Protein chains: 2
Amino acid sequence: MLADEKVREFLKSVCTSSPTPGGGSVAALCGALSASLSAMVCNLTIGKDKYKDVRKEMERVLADSSRLVERLTELIDEDAEAYESVIASLRLPKETDEEKEKRMEAMQSAFRRAIAVPYEVMELSLEAMRLAHTVARKGNEGAVSDSGSGAMMAFAALHAASMNVRINLKEIMDKEFMEDVEGKLRKMEEEADILRSDVIMEVESKL
Amino acid sequence: MLADEKVREFLKSVCTSSPTPGGGSVAALCGALSASLSAMVCNLTIGKDKYKDVRKEMERVLADSSRLVERLTELIDEDAEAYESVIASLRLPKETDEEKEKRMEAMQSAFRRAIAVPYEVMELSLEAMRLAHTVARKGNEGAVSDSGSGAMMAFAALHAASMNVRINLKEIMDKEFMEDVEGKLRKMEEEADILRSDVIMEVESKL
């Protein structure tokens, strides 16, 4: 599994001409880095007398962050697997009409999977941005640069994942599905933009 | 070394209440992820007949990206070391006047180091954004979402590193130095904003 590679090996795996791991796996990792930073800020807040009023909230954020780290780590591999299914479907035989139809069906199903994975990365990265926003506002002020860094990581993860949804969305023949997804992407990007401004204002007021 | 940890272990190391590795190390890793994606796009471009006119340029970008991956990987650890020196300086004895002066000098020197490391991460991330811009414009179009993802990673790395410079800059007593650095940060952030818009336009036109 990619998450079991050493950091420097993972970076090397990205560099090679093999298309996996690529932008989708990197987006998932970047989302996981964001949630890890929020978890760290929670751990630097919980138990400190100055922050006793937000203890319960920080415990909830910690639990949510930990769940996000775990799932986003799985998605590093799932993105690579989804893309490999796309490649496999493209290589299916296409001589007879029956083969052509089978190949087309396999391709559509593989592309839908290659959309579903970065789409989930977007949803979880948006959640990670909300958690980073909470820890920037209420968590340990000495770690506010970590909260802000976490928000930036989730912002990048969301946008990188969005590009990976869109490049695969082009291949989908169901126009209604395409438009539905496109609308949802735009909504998530809008919320992410607002959250980024809010977190930056919060961090700058404390720096 | 942090770069020798498995990806999932590195994420766990971030989560703990130990302040290192924190936002600074994550920023360096995120910059390295950006340069890795640009290197991948170069490797998916070089040798392809369709892109023979840009071969030389892609080879240069590949060499630059590889250098950035290497240096940014070192900076993951250097950021943690710099922060640990800050902690060590804060723990120095401060009973006598002589001890106080020694402690102050050690702190100023430790904070300058804790500024220099994320400052270098910012410079290299800006360079990584320029490389991502080039591969988005001239590299393999089938990998344009990877070029765009790389640009987003470098953008987040630059901003996260910037927050880490600023939180340490507050502790510097030399006001001239502070203002000089602050001016340079703002310039880099402005260039990063322009590059991000340019890359997003480029990617969207090809998606």
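Throughout, a chain's letter reflects where its sequence line sits, starting with A, and its residues are numbered from 1. Just so we're clear, the structure is a prediction, and the values are computed from it rather than from any experiment.
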task = Measure the CZ-CG distance between B/R113 and B/N168 for me, rounded to the nearest 0.5 Å.
result = 12.0 Å
inquiry  = Could you measure the distance from the CZ atom of A/F111 to the CD atom of A/Q108? Nearest 0.5 Å is fine.
reply    = 8.0 Å
ask   = Any ion pair linking B/E191 and B/R130 (charged N to carboxylate O, less than 4.0 Å)?
value = yes
task = Under 4.5 Å, counting heavy-atom pairs only, tell me which of B/L169, B/L37, B/V7 racks up the most with chain A.
result = B/V7
Exceeds 12 heavy-atom contacts within 6.0 angstrom, atom NZ of A/K170 = yes
Choice from B/K12, B/E9, B/H159 maximising heavy atom contacts with chain A below 4.5 Å = B/H159
query = How long is the span from the CE atom in A/M201 to the CZ atom in A/R137, to the nearest 0.5 Å?
reply = 11.5 Å
query = So do A/D193 and A/F155 actually touch side chain to side chain, heavy atoms under 4.5 Å?
reply = yes
ask   = Do you know which of B/A35, B/A154, B/G23 has the most heavy-atom pairs under 4.5 Å to chain A?
value = B/G23
key: Winner by heavy-atom pair count (cut-off under 4.5 Å) against chain B, out of A/L2, A/V144, A/N164   = A/N164
request  = Against chain B, work out which of A/E5, A/R166, A/M1, A/K206 has the most heavy-atom pairs shorter than 4.5 Å and name it.
outcome  = A/E5
note = Most contact-rich option vs chain A, by heavy-atom pairs under 4.5 angstrom, among B/C15, B/A156, B/S149, is B/C15
request  = Report yes if the side chains of A/M58 and A/V135 come closer than 4.5 Å at any heavy-atom pair, otherwise no.
outcome  = yes
inquiry  = Under a 4.5 Å cutoff for heavy-atom pairs, which residue among B/I200, B/L33, B/V203 has the most contacts with chain A?
reply    = B/L33
task = Determine, step by step, whether B/F10 and B/L29 satisfy the side-chain contact (heavy atoms from CB on, under 4.5 Å) criterion, reporting the C-alpha distance in whole Å, the side-chain angles of both residues, the deciding distance to 0.1 Å, and the verdict.
result = CA-CA 11 Å; B/F10 179 82; B/L29 170 54; 3.6 Å; yes
request  = Tell me, out of A/T16, A/D4, A/V41, who's got the most heavy-atom pairs with chain B below 4.5 Å.
outcome  = A/D4
ask   = So which residues of residues 42-57 of chain B are in contact with chain A at a heavy-atom cut-off of under 4.5 Å?
value = B/N43, B/L44
remark   = Listed by number, the residues in residues 59-91 of chain A that come under 4.5 Å of chain B (heavy atom to heavy atom) are A/V69, A/T73, A/I76
request  = Measure the shortest side-chain to side-chain distance between B/C30 and A/C30 over non-hydrogen atoms and say whether it is less than 4.5 angstrom.
outcome  = yes
query = At what distance, to the nearest 0.5 angstrom, does CG of B/N140 lie from CE of B/M40?
reply = 9.0 Å
Max heavy-atom pair count under 4.5 Å with chain B, selected residue of A/G24, A/S18, A/S145, A/A160 = A/S145
ask   = Just how far is it from atom OG of B/S25 to atom CG of A/D146, taken to the nearest 0.5 Å?
value = 9.5 Å
task = Report the distance from atom CD1 of B/I115 to atom CE of B/M122, rounding to the nearest 0.5 Å.
result = 12.0 Å
request  = Answer yes or no: is there an ion pair linking A/E190 with A/R186, defined by an N-O contact shorter than 4.0 Å?
outcome  = no
inquiry  = Quick check on the interface: out of A/S13, A/S36, A/A39, A/S34, who has the most heavy-atom pairs with chain B under 4.5 Å?
reply    = A/S36
message = On the six-membered ring of B/F177, is B/R112 placed so that its NZ or CZ lies under 6.0 angstrom from the centre and within 45° of the ring axis?
response = yes
